[in-house]
Number of protein chains: 2
Amino acid sequence: MTTNLESESPPASRTRILDRAAQLILDKGFAATSMRDIASSVGVKAASLYHHFASKDEIFTAILERGIEVMVTAFEQVEATSTSEAETLLREHVRAHLGSLFEFGPYTAAHVTTFHNAPPVIYDAIVPRRDSYEAMWAGLFDRLEQQGSLNASDTSIARLVLFGGMNSTIEWFDPAGVLTLDDLADMIVDQFWHGVGSANAAHSRRAASGGAR
Amino acid sequence: MTTNLESESPPASRTRILDRAAQLILDKGFAATSMRDIASSVGVKAASLYHHFASKDEIFTAILERGIEVMVTAFEQVEATSTSEAETLLREHVRAHLGSLFEFGPYTAAHVTTFHNAPPVIYDAIVPRRDSYEAMWAGLFDRLEQQGSLNASDTSIARLVLFGGMNSTIEWFDPAGVLTLDDLADMIVDQFWHGVGSANAAHSRRAASGGAR
DNA sequence: CACCTTACCTAACGAATGTTAGGTAGGCCA
DNA sequence: TGGCCTACCTAACATTCGTTAGGTAAGGTG
């Protein structure tokens with residue numbers, strides 16, 4: 001019997017290894033996460049990981065790719081099903097992206113925190129896929145702009161700033177707290193769409209109507 | 001004569017070591033940056049670094065602290081000199097924070113990208129100082145809210161989302177490009193204050209008046 | 001039953017890591 | 001001049017790293 005010292009742990013499938021590794025990488029970063037760390041989190045010895053992956057880089061690459069995959073799937077699902085007008089459509093997309101960060105494992109969160117200083121070999125392998133996700137959002141923003149819904153002096157910058165705001169949530173938002181992801185998406189989109197400066201009359205409604213969707 | 005093999009390089013002062021180390025850490029992360037990496041960037045052998053710092057952790061801690069110091073100084077300078085009303089005051093603060101990220105060495109940039117998964121020892125040593133910087137912004141936002149200038153349903157979240165947007169600029173903004181940091185600050189504050197959704201009439205002015213300040 | 005595959009193991013490899021010991025050479029001050 | 005300090009060096013240390021070699025045992029299949 002393939003003796004399992006950590007008796008609670010299920011067999012070390014590829015998925016399980018990636019799950020644990022992604023969480024560790026999210027917590028400590030890629031370089032600071034050793035194969036022995038990953039192995040012990042899975043309940044296995046380091047050498048055993050090489051039956052499932054050829055190298056540490058392959059694990060890392062798989063995690064970053066899965067992170068994109070989660071985001072792309074979420075995005076496409078909104079595109080496929082939504083019939084909403086501009087602001088609501090954006091709200092659905094923001095909610096979907098937050099979902100990618102919090103609701104489908106640590107992959108997307110690990111991706112957005114680790115990608116920008118990944119080793120060049122890995123970075124280069126991932127960047128095309130990542131660009132294609134960015135292109136989806138760029139396309140969405142272009143559509144919104146062309147239909148006159150979006151009035152930024154630079155659409156790309158508006159999008160990148162929004163993204164920075166969304167991605168930063170993994171550093172401070174607690175999905176188990178009082179606010180739900182729906183609440184958070186509402187707040188982010190309200191801020192993005194209407195602004196939070198007092199010059200805008202549109203805001204009193206939000207303050208009055210409360211958080212829950 | 002303290003023979004210097006890299007003849008172009010000035011003596012390895014504490015500051016010079018921190019400069020180079022911060023840049024490396026910004027590029028590759030803390031764990032992936034070795035003492036030998038830092039030493040060779042400075043033009044010195046690894047052992048020589050221990051004449052200036054007791055350990056790698058001490059270097060890292062000094063960098064993160066310096067990153068905060070830069071931000072705090074920038075913030076306090078605005079507070080001390082500005083007499084502006086709400087929106088302009090915020091604009092000055094945003095511009096100051098962007099300045100910290102781009103104009104005073106790699107310290108603040110290294111801080112914001114590395115802090116959240118620093119080793120616990122370092123994290124714990126830094127977190128009080130960082131909290132105090134956050135408290136400055138929280139205080140600013142409270143004042144704006146109390147004077148009725150700010151209308152977010154949750155002021156903290158509005159602030160954190162803004163911060164995420166600002167800090168993300170180090171991943172995509174090129175200060176040597178067409179846009180200046182002044183331009184960028186304008187765009188970020190316009191987006192934050194007025195929103196970029198078409199429902200807001202306030203925007204046509206920006207689209208018309210162009211980017212440069 | 002014999003045999004293969006799958007999943008794990010122990011043991012070890014060379015390389016890289018942070019760090020220390022101990023030495024050398026120039027500049028400054030008594 | 002002699003001695004100390006500063007700034008660097010070479011060499012080595014123990015440890016940890018990613019990775020490989022080779023073995024064992026369980027479960028399925030002929």
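Values below: every heavy atom of this structure, side chains too, minus hydrogens, waters and symmetry copies.
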Per [X] side chain, nearest of listed nucleotides [options]:
X: Val44(A); options: dA11(C), dC8(C), dT19(C); answer: dC8(C)
X: His52(A); options: dT19(C), dC8(C), dC17(D); answer: dC8(C)
X: Arg36(B); options: dA7(D), dT19(C), dG18(D); answer: dT19(C)
X: His51(B); options: dT20(C), dC8(C), dC8(D); answer: dC8(D)
X: Ala46(A); options: dT19(D), dC9(C), dC8(D); answer: dT19(D)

Ionic contact status for Arg95(A) with Glu92(A), cut-off 4.0 Å = no

Got a sec: does the CD of Gln147(B) have more than 12 other heavy atoms crowding it under 6.0 Å?
-> yes

Minimum heavy-atom distance His116(B)-Leu26(A), with the two atoms named = NE2-O, 4.3 Å

Gly67(B) and His111(B): which non-hydrogen atoms are nearest, and at how many Å?
-> CA-CB, 4.3 Å

Write down the distance between [atom1] ([X]) and [atom2] ([N]), rounded to a whole number of angstrom.
X: Arg16(B); N: dT6(D); atom1: CZ; atom2: P; result: 20 Å
X: Lys45(A); N: dC8(C); atom1: NZ; atom2: P; result: 12 Å
X: Ile17(A); N: dC8(C); atom1: CD1; atom2: C1'; result: 11 Å
X: Met35(B); N: dT15(D); atom1: CE; atom2: P; result: 19 Å
X: Lys56(A); N: dT19(D); atom1: NZ; atom2: P; result: 8 Å
X: Phe30(B); N: dG18(C); atom1: CZ; atom2: C1'; result: 10 Å
X: Leu49(A); N: dT6(C); atom1: CG; atom2: C1'; result: 15 Å
X: Tyr50(B); N: dG18(C); atom1: OH; atom2: P; result: 7 Å

Establish, from distance only, whether the side-chain atoms of Thr15(B) and Ser13(B) form a donor-acceptor pair under 3.5 Å.
-> no

Looking for any heavy atom pair under 4.0 Å, which part of the strands does Ser34(A) touch: base, sugar-phosphate only, or nothing?
-> sugar-phosphate

If only side-chain N and O atoms of Ser48(A) are considered, is one of them under 4.0 Å from the OP1 or OP2 phosphate oxygen of dA7(C)?
-> no

